[in-house]
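For reference, the structure discussed in these notes is given below.
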Amino acid sequence: MKTLLTGGAGYIGSHTAVAMLEAGHEVAVVDNYYNSSPEAIRRVEQITGKSVTLYEADAADKEKMREILKAEMPDCIIHFAGLKAVGESVAKPTEYYRNNIDTTLTLLEVMKELGLTNFVFSSSATVYGEDNVPPFLETMPKGACTNPYGWTKWMQEQILRDAEFASNDTLSVVLLRYFNPVGAHESGMIGEDPQGIPNNLMPYISQVAVGRRDHLTVFGDDYDTPDGTCRRDYIHVMDLAEGHVRAAEYAVSHKGTEVFNLGTGNPYSVLDMVNAFSKACGHQVKYEIGPRRAGDVQDSWANADKAKAVLHWEAKRGIDEICRDAWKWQSNNPQGYGE
Ligand code: NAD
Ligand code: WQD
């Protein structure tokens with residue numbers, strides 16, 4: 001199968017490129033390097049010994065995307081390109097709506113012109129909102145999001161459903177709701193490389209462990225959980241990547257819209273992750289308890305039964321592998337790709 005990955009130089013896209021190539025599929029990548037580096041794709045090629053066709057372009061640029069998609073005519077497009085920082089989306093909502101929604105509309109319009117039919121989308125568990133109670137099931141109603149980033153995912157899901165509905169059984173749309181993607185490829189050659197101060201837990205812990213930051217602040221220990229800290233469904237990025245291979249294979253052989261949670265189904269607390277990482281790196285990761293972070297939900301984890309039943313996929317790696325691989329990436333590349 002020929003795949004085209006928008007945002008394929010980013011964290012999840014680069015790991016998915018490895019999994020796709022290893023499954024015997026072809027990969028082309030479109031990225032504008034807003035939050036990534038072409039070095040990630042060079043490393044994907046080193047890991048796999050296979051080549052990737054790389055285009056530097058804005059996925060919202062219709063002329064450019066027409067040219068690229070005409071040249072590639074992929075069997076399946078996987079749309080990772082997007083802005084993803086929750087806090088920044090509150091400060092810059094129009095940039096988030098413009099980039100995330102425009103890229104999706106452009107792709108749908110050009111796909112229609114060229115007769116391309118299969119689309120896999122990076123959605124998020126954030127669309128379950130605050131009122132659903134975990135484990136989250138695909139059949140639950142979407143909830144109200146707590147920030148513009150979340151709303152862009154909510155809206156893109158709706159746009160894709162509407163486009164598929166109007167296509168008279170031509171389009172195939174797979175909406176993948178990721179839980180908390182973490183970890184790195186087991187080689188330690190590619191991983192998450194956040195710009196500036198990390199917003200997310202695992203890159204923050206990694207940077208404390210490697211000495212780039214003094215300590216982690218744990219956002220609240222007064223939640224109604226066994227150790228008082230929030231619980232999440234942390235999924236190894238290579239498990240997530242392999243889920244995309246199954247989802248793309250499913251997309252090309254079905255029509256309609258399907259939603260899948262990609263999570264493990266197992267919740268872990270913030271302190272569980274600090275302890276697992278401390279074990280993996282061989283020293284205690286320093287932390288202090290701070291106040292709750294605005295917008296955090298206490299608990300979020302998946303019911304992952306549908307992906308297992310329909311895609312024949314389930315997460316195989318646990319938090320020890322997650323921390324081992326994240327540490328390998330961070331300790332081998334203390335400044336990420338920027339060295
Ligand atoms: P990332 O920032 O590492 O990757 C996104 C990539 O898209 C980057 O390489 C960036 O340069 C590129 N990009 C952004 N706008 C673009 C545009 N207009 N044209 C071309 N390229 C563009 O993020 P990620 O963690 O790999 O996330 C990938 C997707 O998964 C995103 O859509 C994100 O919202 C979604 N997602 C991520 C998480 C997470 O926790 N990482 C969770 C749920 C969903
Ligand atoms: C995990 C836990 C924090 C940092 C976000 C987005 C979500 C999705 C994934 C894209 C929480 C705690 C964190 C720190 C801490 N992205 N924490 N100290 O908030 O579950 O999800 O990323 O779709 O939309 O909201 O992930 O990694 O930020 O936080 O104590 O310095 O770690 O309070 O309990 P979150 P996270």
Side-chain angles (χ1 to χ4, degrees), residues 11-12 82 84-90 121-157 175-183 192 194 198-205 216-237 239-240 243-244 259-277 289-308 313-315 317-319 322-323 326:
Y11 173 46
I12 301 169
K84 64 159 184 178
V86 169
E88 187 184 60
S89 80
V90 177
F121 177 61
S122 296
S123 189
S124 169
T126 196
V127 302
Y128 287 108
E130 292 188 289
D131 296 327
N132 285 305
V133 176
F136 296 138
L137 257 176
E138 292 88 345
T139 48
M140 287 175 170
K142 290 194 290 178
C145 297
T146 54
N147 56 76
Y149 165 75
W151 282 115
T152 69
K153 293 293 170 193
W154 198 104
M155 290 174 191
Q156 285 174 94
E157 282 201 1
L175 306 174
L176 298 178
R177 293 180 180 162
Y178 312 156
F179 279 71
N180 286 61
V182 287
E192 189 168 11
N199 300 302
N200 297 112
L201 179 66
M202 289 304 282
Y204 207 106
I205 291 180
L216 170 77
T217 300
V218 173
F219 297 142
D221 69 348
D222 57 351
Y223 287 96
D224 185 16
T225 63
D227 66 17
T229 66
C230 293
R231 292 179 293 188
R232 295 288 182 273
D233 186 335
Y234 295 96
I235 175 168
H236 194 296
V237 66
D239 279 326
L240 191 72
H244 287 74
V259 187
F260 296 100
N261 287 336
L262 293 184
T264 67
N266 303 313
Y268 288 99
S269 74
V270 177
L271 294 180
D272 289 335
M273 299 312 285
V274 171
N275 293 335
F277 206 98
I289 305 295
R292 291 182 176 197
R293 178 172 70 177
D296 273 345
V297 294
Q298 172 175 297
D299 284 321
S300 166
W301 69 89
N303 175 313
D305 292 349
K306 184 177 173 190
K308 186 175 180 185
W313 169 89
E314 65 183 321
R317 299 157 178 92
I319 59 168
I322 285 171
C323 294

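Scanning for side-chain contact (heavy atoms from CB on, under 4.5 Å) contacts around N199 gives A85, with sequence neighbours left out. Considering only residues two or more places apart in sequence or on other chains, Q156 meets the side chain to side chain donor-acceptor pair (under 3.5 Å) condition with T104. Considering only residues two or more places apart in sequence or on other chains, P134 meets the side-chain contact (heavy atoms from CB on, under 4.5 Å) condition with F136, D299, W301.
No donor-acceptor pair closer than 3.5 Å links the side chain of K306 to the backbone N or O of T139. D221 contributes no side-chain N or O that, together with a main-chain N or O of G228, makes up a donor-acceptor pair within less than 3.5 Å. With hydrogens and angles ignored, the 3.5 Å screen pairs no side-chain donor or acceptor of N200 with any backbone N or O of M202. Between the side chain of D233 and the main chain of T264, a donor-acceptor pair closer than 3.5 Å is present. One N or O on the side chain of D239 and one on the backbone of R317 form a donor-acceptor pair closer than 3.5 Å. Side-chain atoms of N132 come within 3.5 Å of backbone atoms of Y128 as a donor-acceptor pair (strictly under, hydrogens ignored). A donor-acceptor contact shorter than 3.5 Å is absent between the side chain of E130 and the backbone of T146. Of the possible polar contacts, none joining the K153 side chain to the T126 backbone as a donor-acceptor pair under 3.5 Å is found. At distances below 3.5 Å, not a single donor-acceptor pair connects side-chain atoms of T217 with backbone N or O atoms of G290.
Taking all atoms of both residues into account, the shortest heavy-atom contact from I12 to P181 is CD1-CG, 3.9 Å. Between W154 and G143 the shortest heavy-atom distance is NE1-O, 3.0 Å. Contact detail for A125 and S300: the closest heavy-atom pair is CB-OG, 4.5 Å. The shortest non-hydrogen separation linking P203 to P194 is CB-CG, 3.8 Å. In plain terms, the two heavy atoms of T225 and T229 that are nearest each other are OG1-O, 2.8 Å. Between Y149 and S124, the shortest heavy-atom contact is OH-CB, 4.3 Å.
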Could you walk me through whether V237 and Y11 pass the side chain to side chain contact (heavy atoms under 4.5 Å, CB included) check? CA-CA 8 Å; V237 66; Y11 173 46; 3.6 Å; yes
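Note that CE of M155 and NZ of K142 are 9.5 Å apart. Values are rounded to the nearest 0.5 Å. Here the CZ-CG distance, from R231 to L271, works out to 12.5 Å after rounding to the nearest 0.5 Å. Going from atom OG of S123 over to atom CG of L175 covers 6.5 Å, rounded to the nearest 0.5 Å. Atom CZ of R232 sits about 15.0 Å away from atom CG of N266, to the nearest 0.5 Å. To the nearest 0.5 Å, atom CG of residue L216 and atom OH of residue Y204 are 7.0 Å apart. Between Y234 atom OH and S269 atom OG the span is 8.0 Å, to the nearest 0.5 Å.
Annotation for D224: atom CG does not count as buried by contact number, only 12 or fewer foreign heavy atoms lying within 6.0 Å.
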